[in-house]
Amino acid sequence: MELLILLALLLAALTVLARRGDRSLRAVATICAALALAGLAWWRPGGDPVLEAAVPAPLDGGGFVSSDTCRSCHPGAYDAWHRSYHRTMTQRATPDTVLASFDDVRLESRGHATRLARRGDEFWADLPDPLWFIDPSPDKPPVPPRIEARVVMTTGSHHLQNYWVRRPKEGKLHRNSPDNGALVQVPWVWLVDEGRWVPVQDSFLGPARDEPNPPLVWNTGCFGCHSVATQPRFDGQSFASRSAELGIACEACHGPGEEHVRVNRSPLHRYRQHLRGDDEGDPTIVNPARLDQHRSSAVCGQCHSFGEPPDAAGWQQTGTAFRAGDELPPSRAVFRYEDPPRDPLLLRYLENEPDAMRGRFWADGTMRVAGREYNGMIESPCFEQGDMTCLSCHAMHAYQEAADQLAAALPADESCLQCHEGFRSRVREHTHHDEESAGSRCANCHMPHTTYGLFVAMRSHRVDSPSAAVTAETGRPNACNLCHLDRTLEWTSRLLHDWYDQPRPKLDGEQRTVAASVRWALRGDAAQRAIVAWHMGWPAAQQASGREWLAPYLAVLLADPYLAVRRVAQRSIETLPGFAGFGFDYVAPQPEAAAKMREAFAIWQQAKGGAPARGRPELLQDARGGVDEERVQRLLAVRDQRPLRIIE
Amino acid sequence: MTAADRADPAALHLRVGWWALLGFLTLGLVLEGLHGFKVGFYLDVSNETRRLLWTLAHVHGALLALVNVAFALTTRALPHWNGSRRRLASRCLLGALILMPAGFLLGGIFLHDGDPGLGVLLVPPGGVLLFLAVLLTARGTAT
C-alpha cells in the first residue's frame with residue numbers, strides 16, 4: 001500500500017510538471033516529486049519474507065481464521081490467551097521472541113561444536129549438518145560438514161526454549177542433500193530460569209550417552225501439539241507444510257472459526273445471543289465448557305496424552321484430524337498401561353521405543369511423565385464415576401496464573417469441594433492434619449508430585465488416595481512419604497490403616513526400618529531419585545520432615561549418573577542452610593560432580609557442628625547423628641540401574 | 001425550557017453549552033484519573049471496548065457542548081433566522097447533546113465481550129438529531 005501511494009504521488013507530480021502552468025503549482029509538484037522519490041529510495045518491504053518463507057505457510061481451507069480475527073470481538077479472552085504459555089509455544093524467531101543469548105556463543109558437546117550469533121534482527125547457527133546425525137548409514141563420512149543456517153522458529157518460553165533452522169539450499173551439505181522443507185532442531189536448548197544453554201538431549205531425564213542424539217524434525221512430530229491444524233504434507237522426500245497458526249491458539253480449543261465469524265458479522269445476531277443469555281451458547285463455535293465430559297476433556301487430551309494417531313500415513317500428510325468438539329479415539333489412540341502390552345498400535349509404537357512403557361508409567365499404571373495429564377485423569381474415579389473434566393480445576397481464560405492456569409474461581413481446595421462438599425466442615429477429621437497445613441490441601445494427598453518433567457516433579461493427574469500397598473508393590477511414591485520424608489513406609493502403612501482402615505501390606509525389613517525417601521534416593525530408579533530430590537527442596541516437605549538431615553542424600557544425588565537428577569538435587573540443596581549459591585555445575589563431568597558431593601558433605605558436617613547428636617536409624621544415621629556409610633553403601637549397591645528415559 | 005428560553009434560545013444554548021462543556025471536561029479528568037491509577041475496570045485489555053466508548057462519550061460530549069455554544073452565537077448573528085426550523089434545530093441539538101454521550105457512556109458500562117451494552121442504541125438517534133440540527137442550521141445561514 002505504501003508503495004502504491006508513493007508511486008501515485010510521483011505520477012501525479014510528474015503529470016503536473018509535464019504541463020505548462022502556474023509556477024507555484026509546479027513548485028509544489030516538484031516538492032511532491034522529490035518527496036516521493038525519497039520515499040521510494042527508503043522504502044523496504046514490510047515483514048521478513050525470508051522468515052515467512054521458512055516457517056509453515058498459512059493453511060488453505062479448513063475454515064480457520066486465526067486469533068487475530070478473534071481479538072476484535074473477544075478482547076478479554078484474547079488477552080488471557082495472549083498472556084499464556086500456550087500462545088508462545090511456537091513462534092517465529094525474532095528479537096521479541098528469542099529469549100536466549102546469541103551473542104557470539106560457542107558451545108561444544110560430544111565432540112561437536114555449535115556457534116550461535118546475532119546479526120541485526122536475525123539469529124544464526126553454525127553447526128554440523130543435522131542430516132549427518134539423522135543418517136543411519138554406516139558408510140557416511142566420519143565427520144559432518146558444517147552448515148550455517150538462520151534460526152527461524154522457537155518452541156517454548158516458560159521453562160526452556162528450543163530453536164529450529166532450515167538447512168541451506170546449496171553449499172557443502174551432507175550427501176549433497178539440500179533443504180527439503182524440514183525444520184530441524186538446533187542441538188542446544190536455552191534454560192530460561194537459569195539463563196544457560198544445555199544440550200537438548202541432556203534436558204530430558206535419560207542415561208548419560210557419549211553419542212549425540214539425532215536432532216528432531218518439527219514437521220514430523222512436534223507440529224501436532226505445538227501449532228494449530230498443521231499439515232506436514234510430506235511426500236516421502238520433502239515437506240510443504242502448512243499451518244493454521246503457530247502456537248496453541250484459539251482454534252485449537254474452539255475449532256475453526258470461519259462460520260462463527262460469518263454468522264456473527266450481523267449485530268442483530270450478536271445482540272440476540274447476548275440478550276438470550278448464555279444458556280444455549282453459540283452453535284457456530286465450540287465451547288469446551290459446554291461439551292460433554294468426554295468431548296470436553298478430549299480438547300486438552302488431543303495433546304496432553306500419551307498416544308498415537310491411528311492413521312500414521314495420513315498424519316504425515318494432513319496432520320491430526322481432531323477438531324475441538326470431536327471424540328478423541330478416531331484421531332488419537334490414547335495408550336493405557338498394559339503389562340504385557342496387547343494393543344496393536346501400542347505394540348507398533350514399542351517397536352521404535354521399546355522402553356516407552358517404563359519411561360511413561362509407574363508399574364501401577366499411573367503416568368509418570370509430565371504433559372500427559374489426560375492419561376492420569378481418565379484413570380481417576382472422579383472421571384470414571386464422576387463428571388470431572390480438565391475444566392473442573394483449570395481455566396484457559398480466567399486463570400490464577402499462567403504457569404498452571406488453575407481457575408481463578410476455584411482457589412485452594414475449591415475444585416475438589418465442588419463435588420466433595422461434605423469434607424468442607426470436617427477437614428481435620430478427614431486429613432488428621434491442621435486445617436491450614438499443607439497436609440490438609442486436597443491435592444497434596446490425592447494428586448502428589450509423582451510426575452517428572454522439565455527438571456521438576458509435577459502433580460499426578462490420576463486423582464487417588466495414598467497407598468502404602470501401591471508403593472510397596474510398584475515403587476510409585478505415596479503422598480505421605482513425599483512430605484514426611486523422614487518416615488518409613490511402615491509408618492505410612494500403620495497410619496493409613498489406623499485412619500482410613502486400609503489393609504496393611506506385607507513390608508520387607510528395609511521398608512519397615514529405612515525412611516522411604518532415603519530408599520528412593522539411594523536405591524530407586526532415576527525417576528524416583530529425581531522426584532525425591534525435588535521433594536527434598538519442597539518447602540512443605542522440609543517443614544514436615546526437618547531440613548538438617550537432607551544434605552547428605554542430596555549430596556549423593558549431586559553425583560548421580562543422570563544429569564537431570566543432578567540438576568534437581570542442585571536446586572534442592574541450595575535451599576538448605578549453608579548451601580545458598582553452592583555453585584554446582586550439573587553439566588560438569590562425573591569427577592567434578594563427585595568432588596562437589598564431598599564438598600557438600602563437608603558443608604553439612606560443618607553446619608551440623610556442635611549440634612547435639614540425635615541419631616535416627618531410619619535416616620541411616622549413626623548414634624551421633626552422622627551418616628552410617630556402610631548402610632548407605634549397601635543401599636547404593638542395589639540401586640535400580642536399569643536405563644530409564646522420560647521423554648516429555 | 002422556560003418562557004425566557006423560548007424567547008431567547010441563544011441564552012439557553014450558551015448556558016447548556018458551557019455547563020455541558022464543564023461536565024464533559026470533568027469526565028475527561030475522571031478518565032485521566034482512571035489512567036493515572038491504572039484502574040483495570042477501564043484499562044484492562046478485556047475492557048478496551050469500555051475505554052473506547054467512554055472516550056467517545058467524553059469527546060462527543062465536549063464537542064457537542066462547543067457546537068451548542070456555536071449555535072447560540074449563530075442565532076445571535078442571524079437574528080432574521082427565526083421560526084419553526086430554528087426551534088427544531090435547537091431541539092435536535094439539545095437532543096443530540098443528551099443522546100450521543102449518554103449512549104456511549106451507558107454502552108460502556110455493561111459489555112458483551114467486544115460489543116457495547118444496549119445503551120449504545122441511544123447513539124444512532126442522537127446522530128440523526130445532530131445531522132438534522134446541522135443541516136437546518138446550515139440552511140438557516142443561507143436565509
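Nothing here was measured: the structure is a model prediction, and the numbers come from that model. Letters go in sequence order (proteins before strands), and every chain restarts at 1.
- Residues satisfying the side-chain hydrogen bond (donor to acceptor under 3.5 Å, both in side chains) criterion with A/D193, sequence neighbours excluded, are A/R567, A/R571.
- Annotation: residues 123-130 of chain B contacts chain A through no residue [non-hydrogen atoms, separation under 4.5 Å].
- Counting non-hydrogen atoms of other residues, nucleotides and ligands closer than 6.0 Å to CG of A/D292 gives a total above 12.
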Show me the donor-acceptor pairs, under 3.5 Å and distance only, between side chains in residues 94-106 of chain B and residues at least two apart or in other chains.
none

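- Taking chain B as the reference chain and counting heavy-atom pairs below 4.5 Å, the highest number among A/P75, A/A80, A/G76 is found for A/P75.
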Can you pull every donor-acceptor pair closer than 3.5 Å across chain A and chain B?
unit_1, atom_1, unit_2, atom_2, d
A/C73, O, B/G114, N, 2.6
A/H74, ND1, B/D113, OD2, 2.7
A/R270, NE, B/D115, OD1, 3.0
A/R270, NE, B/D115, OD2, 2.5
A/R270, NH2, B/D115, OD1, 3.1
A/Y271, OH, B/P116, O, 2.4
A/H274, NE2, B/D115, OD2, 2.9

